[in-house]
Amino acid sequence: MKTIMTVLGARPQFVKAAAVSRAIATQPGLHERIIHTGQHYDPGMSDIFFEEMDIPRPDHQLGTGGGSHGAMTGAQLQSIEAILLAERPDWVLVYGDTNSTLAGALAAAKLHIPVAHVEAGLRSFNRRMPEEINRVLTDHLSELLFVPTPAAGRQLRQEGIDPGRIHLTGDVMMDAALYYRELARRPAWFDDLSLQDDAFLLCTLHRAENTDCPQRLRNIFYGLAASERPIVLPLHPRTRKTLERLNLQPSSQLHIVEPVGYLEMAWLEMHCAAVVTDSGGVQKEAYFHGKPCITLRDETEWTELVELGVNTLTGADPGLIAEQINAPMSHPSCGDLYGDGRAAQFIARILAEP
Ligand code: UD1
Ligand code: UDP
C-alpha cells in the first residue's frame with residue numbers, strides 16, 4: 001500500500017482535489033492523507049468545498065493563512081516538514097501554483113520524498129506573478145508531472161525536464177465540471193436580484209496584479225460600469241478588503257455577493273451570458289460550460305482558449321473591457337482540449353504503479 005500525502009490550502013486546490021481524491025479512494029494500492037495549510041480559511045472559501053464536494057476531511061490543519069508570501073510559505077514549510085518526517089509518505093501530491101503548492105513540494109523534495117504535481121507545465125512568462133514563481137519551482141522539484149494539455153508538456157520538455165516524468169492526463173477541473181454539473185444549484189439570492197438566465201455577466205476578481213494596484217482596480221471597475229447587462233460578482237475576501245480600503249463604490253448594475261460554493265458557482269457559470277474574470281480556473285470553466293470568457297489580465301496560461309477565439313484578454317483597460325462585455329456573445333461548444341473527464345483516474349493509476 002502506498003501513502004499519498006496531499007498538500008492543499010486554497011480554493012482552486014479543493015476543486016482539483018475533489019476529483020483526484022475520489023479517484024485515489026477507488027484505486028487499489030493507494031491510501032491518502034491530507035494536509036490543509038489553512039491558506040484559505042473562511043468557511044465560504046474552504047469548509048463549503050469539503051462539504052459540498054465530499055472531499056475527505058484533512059488529517060492535518062496548519063492554520064497558516066494570511067501574512068506576507070515569505071511568512072506564509074515559511075510557516076507552511078516548517079509545519080509540513082514536521083508532518084512528513086513523522087509520517088514518511090511514499091508521495092507528496094500538490095496542485096497548481098499557490099504558496100501551499102510550493103511549500104509542499106519544497107518540504108518533500110528536501111526530505112527526498114518524491115513530489116507529484118497536478119497541473120504542471122503552465123506558464124504565463126510573467127515572473128512578477130507569485131504563481132509563476134511557485135509553478136516553475138514546483139515543476140523543477142517534481143518527480144511526476146501531470147500536464148493538462150500538450151502545450152504544457154512541450155513547455156516542460158523545452159525546460160529540460162525528463163520526458164519520462166511527464167504524463168499528459170487532461171485537466172482534473174474538467175473532471176470536476178462534468179461530475180458536479182448535475183448537482184449545480186441556483187443561489188437563493190438569484191431571484192431577489194431580478195436576474196434572468198443568460199442575461200447577466202458572471203465576474204470574479206482576485207488576482208494580486210489587479211487587487212494590489214489601485215489604478216488597475218479602479219480601471220476595471222470603470223470598465224465594468226459600462227456594462228449593458230447586470231453583473232454578478234461573488235467577491236474574494238482579498239478584493240473586498242481592497243475595495244473597502246480604497247472606498248471604491250460599485251456601479252448600480254454590479255451586484256457584489258459573498259463568495260459562493262462550487263455548486264452555486266457551476267450553476268452561475270451554466271446560466272450566465274458570459275464570464276468576466278482574472279481567475280485561472282474560471283477561464284476554463286467558462287469553456288467547459290460553453291460560455292465566452294473575457295479575461296481581466298494581460299496574459300493567460302490557458303492560451304489555447306485565446307487561440308480558439310473563446311477567451312479575450314482585456315487587461316485592465318477600461319475601454320477594452322467596456323467594448324468586450326457589450327459585444328455580441330456567441331456560446332462556444334466544449335471540445336476535448338482538456339480531456340474527457342478521466343484525468344483524475346489516470347493520475348491515480350500512475351501513482352499506484354510500482
Ligand atoms: C491565492 C493564490 C492564487 C489563487 C488564489 C485562489 C498564492 C500566492 N496565491 O491568492 O494563486 O489564484 O489563492 O483564490 O498562493 N483572505 C481571507 N479569507 C480567506 C482567504 C484569504 O480573508 O479565507 C484574505 C486575507 O486577507 C489574505 C488575502 O485574502 O491575506 C490573500 O489571500 P492569499 O491566500 O494570500 O492569496 P489569494 O489572493 O487568495
Ligand atoms: N469558485 C467558487 N466560488 C466563487 C469563485 C470561484 O466556487 O465564488 C471556484 C471556481 O468555480 C473554480 C475555483 O473556485 O473552480 C477557482 O478558484 P479561484 O478563482 O479562487 O483561483 P484560481 O483558479 O485563479 O487559482
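Atoms within a ligand are numbered from 1 in the order they appear, just like the ligands themselves.
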Hey, is M72 one of the residues with a heavy atom under 4.0 angstrom from ligand 1? yes
Say whether T98, considering both its backbone and side-chain N or O atoms, lies within less than 3.5 Å of an N or O atom on ligand 1. no
Counting only nitrogen or oxygen atoms and a 3.5 angstrom limit, does V282 reach ligand 2? no
Quick one: does P12 get within less than 4.0 Å of ligand 1, heavy atoms only? yes
Quick one: which ligand 1 atoms are inside 4.0 Å of a heavy atom on M45? 23 (O)
Ligand 1 N/O within reach of N134 N/O, cut-off under 3.5 Å: no
Polar contacts were defined as any N/O atom of the residue lying under 3.5 Å from an N/O atom of the ligand; does this apply to H69 and ligand 1? no
Can you name the atoms of ligand 2, numbered from 1 with element, that are less than 4.0 Å from a heavy atom of M173? 12 (C), 15 (O)
Proximal atoms of ligand 2 relative to G261 (non-hydrogen, under 4.0 Å): 7 (O)
Which atoms of ligand 2 are found less than 4.0 Å from any heavy atom of E285? 10 (C), 11 (O), 12 (C), 15 (O)
Taking only heavy atoms of G280 into account, list the atoms of ligand 2 that are under 4.0 Å away from them. 22 (P), 23 (O), 24 (O)
For atom 21 (O) of ligand 2, what is the nearest protein heavy atom, given as residue, atom name and distance? P12 CG, 3.5 Å
min-distance protein heavy atom vs atom 4 (C) of ligand 2 -> R11 NH1, 3.3 Å
Could you check V94, T64, T37 and say which one makes a side chain to side chain contact (heavy atoms under 4.5 Å, CB included) with S100? T37
Measure the distance from atom 19 (O) of ligand 2 to every protein heavy atom, then report the residue, atom name and distance (to 0.1 Å) of the closest one. S279 OG, 2.7 Å
Only one of R123, R207, R135 forms a salt bridge (charged side-chain N to carboxylate O under 4.0 Å, His left out) with E301, so which one is it? R135
Between E264 and ligand 2, find which residue part has any heavy-atom pair under 4.0 Å and reply side chain, backbone, both or neither. neither
Any G66 heavy atom less than 4.0 Å from ligand 1: yes
Just go through T239, T73, N99 and tell me whose heavy atom is the nearest to atom 15 (O) of ligand 1. N99
Part of R207 within contact of ligand 2 (heavy atoms, under 4.0 Å): side chain
Does the ring center of F200 lie less than 6.0 Å from the ring center of F190? yes
